[in-house]
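Here's the structure we're looking at; comments come further down.
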Amino acid sequence: MTLTDRIDPKPPRRIYRWDLDKTYLQTEFDTLRQLVRTALQKAHEKKAVPGAAALIRELKASGDSQLCIVSGSPTQMRAVLAEKLKLDGVEFDELVLKDNLKNLVRGRFKALRGQVGYKLPVLLQSRARAPAGAEEVLFGDDAEADAFIYSLFADMVARRVSEPVVYQVLEAAEVYGDDIDRVMRTWESIPRADPVRRIFINLDRLSTPASFALYGPRLVPIFNYFQAALVLMADGHLTAAQVLKVMVELIQSAGHNLFTLSNSLQDLLRRGLPIAEVAQALGEALQGPQAMLQAVRPVPDILSAFTKRAASLGAQAAPPPARDIDYLSLLDHARPRTHKKRRR
Amino acid sequence: MSEAQRPITIAFDVMGADHGPLEVVKGAAQLTLDAPNLHALLVGDRALIDDALAQVKYTAERLAVHHAPDFVAMHEKPAAALDERPRCSVLVAAGLVRDGEADAMVSAGNTGAGVLACARTFKLIPGVRRAALATVYPTAVSRGEKNDPFSLILDVGATVDASADDLVAFAVMGAAYARIISKNPDPAVALLSNGTEATKGPARVVEANQTLSGLAGLRFIGNVEGVDIPKGTADVVVCDGFVGNVCLKMLEGVSETVVELARYAYKEKLLWRAGLAMLSGGIERIKEVTDWEQYGGAPILGFDKLFIKAHGRSKARAITNAGKVAAKAVKSELARVIQTALPQAPA
């Protein structure tokens, strides 16, 4: 069976959950000036992370899937964000934004920066509405607490984490009492399942991939969306032709070339991701007649670069070991970034 | 992809340095973060490289790994080690440069093995018979656009017995390097001898002096003596590898002795200690100005491909800078510049 054949003609219903800032959009809001500029940007001025739009379009094109976006951006930006997504040809099924005005009016200042108390209940509520058998793939970034929140969400739905641990985590993350109750109630209502197949963390801050090792092999830190597309191809979500479309967007919009792409492929191989077959299937697809391949010529050079990078590693790396996540030891990851700095 | 868009790739021999692979990997990884058009190719034991990469920030798009199972240790005899282990990291890295997988090589490992690996793998520039190992030395004067306090000395060990023609080639290569790396458009070049007169020194030095005096495009200032090296009389000091190596080791010895004496003085008398404390600001400033790590390492000149030999005890910063220096030389087409400047053989 070839990799392309692995794409199920009737795939299970899939949910792709995306964060926006630093995951889909190239956003800077570390300073007040950046924050103001981001807030005032028009839709056409906002820039997507290279490859993200192409990846979403290809994922949405495969079978029965939903795109659910959960972002910490304020609800007041809904119109401009929706317009940006439309401009990029991205059709979403859910777009949840953070009502920080409400938090401000109610004097819930901890909730302004807090991520766990906002995203976790939203994810659980969305899951409670989802078809029981739907698989999920989550996309976040390394700027805040996405790795922690997504992993906790996955393990809560799979009942791999106990109630007392969840309580401790929520208290450490300074989540308000009523939000804790909401999390617990919603969690109880969700049927036990193990739907989260992958969690991708876009390394916007260039954190080391090794710093996410404690989250286990389900979570894959990525330097670009070509890497995500390769893993998703290995997981049966995309065909080689679809990965090539992501590759073309990276070449055309972000100046990627055969060196950066082959290095990205090698980086995944080196980290033990099971994509050796993918590289081969991609090579075969590259030799096809598609018109879009004009953008990635000369094809023999690309094939040779991919093959060389794979071969130069010597033996294939062992896959990263599966492990239970000790959320209590990772509590610092759950706190807002400003708090982490203070505690150091 | 056009040549202008093509990134410059530096092959780093990760093995054999005094601090182990971590500092080399750190330095190379930093290069991928600092310079968008520079790529790092890490050559060495894959498992050790993986361990090191787990500890540092890098950009995967600009970094690749090439496994080499063996390496040459500092204490080993280069020729025997290279014969025994053809898959050692320095030889594999040189091969990758020869094959166009990388544009230049940096190593902080065994110097002899590095030079020999280049000699066995690279081609000499037409007109150059022997390669030279160059090093920088802090001097009393600064030069060039960058106010560079370092002069360049070559050869310091690659060619023990150099002829007059070799010395002329070394002068041309040193001047080209100083123009490109120190941004010194018209470096003063001198021959190291036992007197400043053109007739002083062994026959090869006298003959080289005659040739260099008539060579267009080179500011040859004649002979200088050992005392002129720290004074900075010349920007490029030329000698054979035997003299250069003795000279370099002596300069290093003097420097170490001065430090030892300062330590002794610090311990011996409270007044001396107070004096040293008062001077500490100035000493720090001298240290900053004469920080060799900004140069990263010593180039091996004369081959069609560049090899920067970083100091064995180089830390990450020196390795990063060695990579940047190598990239600058590649971008400026150092080998072609040298070839153009060499005296043409009579028809």
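Convention: sequence-line order gives letters A, B, ...; per-chain numbering from 1. What you see is a predicted model, and the numbers here were worked out from it, not measured in a lab.
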Contacts of B:Arg98 meeting salt bridge (charged side-chain N to carboxylate O under 4.0 Å, His left out) (sequence neighbours excluded), chain-then-number -> none
Answer with side chain, backbone, both or neither: which region of B:His66 has an atom nearer than 4.5 Å to a non-hydrogen atom of chain A? both
For B:Glu101, is there any backbone N or O sitting under 3.5 Å from a side-chain donor or acceptor partner on A:Lys308? no
How long is the straight-line distance from CG of B:Leu96 back to OG of A:Ser312, given to the nearest 0.5 Å? 8.0 Å
How long is the span from the CZ atom in A:Phe259 to the CG atom in B:Asn37, to the nearest 0.5 Å? 10.0 Å
Which atoms of B:Val92 approach chain A - backbone, side chain, both or neither, heavy atom under 4.5 Å: neither
Closest-packed option against chain B by number of heavy-atom pairs under 4.5 Å, given A:Asp267, A:Leu206, A:Asn263: A:Asn263
OG1 of A:Thr260 to NE2 of B:His39: how many Å apart, nearest 0.5 Å? 6.5 Å
With a 4.5 angstrom heavy-atom cut-off, could you sort out which part of A:Leu269 is near chain B: side chain, backbone, both or neither? backbone
Pair B:Leu53-A:Arg270, side-chain contact (heavy atoms from CB on, under 4.5 Å): steps then yes or no: CA-CA 11 Å; B:Leu53 278 175; A:Arg270 203 177 50 73; 3.5 Å; yes
Are there residues of residues 13-34 of chain B that reach to under 4.5 Å of chain A by heavy atoms, and which ones? B:Leu33
Out of B:Thr9, B:Asp50, B:Val43, return the one with the most heavy atom pairs under 4.5 angstrom to chain A. B:Asp50
Heavy-atom pair of closest approach, residues A:Gln266 and B:Val65: NE2-O, 2.6 Å
Taking everything shown except B:Asp99 itself, do over 12 heavy atoms lie less than 6.0 Å from its CG? yes
Output the residues of residues 209-224 of chain A for which the shortest heavy-atom distance to chain B is under 4.5 Å, in residue-number order; output 'none' if no such residue exists. A:Pro209, A:Ala210, A:Phe223, A:Asn224
Return all side-chain donor-acceptor pairs below 3.5 angstrom for residues 67-82 of chain B, not counting sequence neighbours, or 'none' if the list is empty.
| unit_1 | atom_1 | unit_2 | atom_2 | d |
| --- | --- | --- | --- | --- |
| B:His67 | ND1 | B:Arg46 | N | 3.0 |
| B:Glu76 | OE1 | B:Ala73 | N | 2.7 |
| B:Glu76 | OE1 | B:Arg85 | NH1 | 3.1 |
| B:Glu76 | OE2 | B:Arg85 | NH1 | 3.3 |
| B:Glu76 | OE2 | B:Arg85 | NH2 | 2.4 |

In terms of heavy-atom pairs under 4.5 Å, which option from B:Glu61, B:Lys57, B:Arg62 contacts chain A the most? B:Glu61
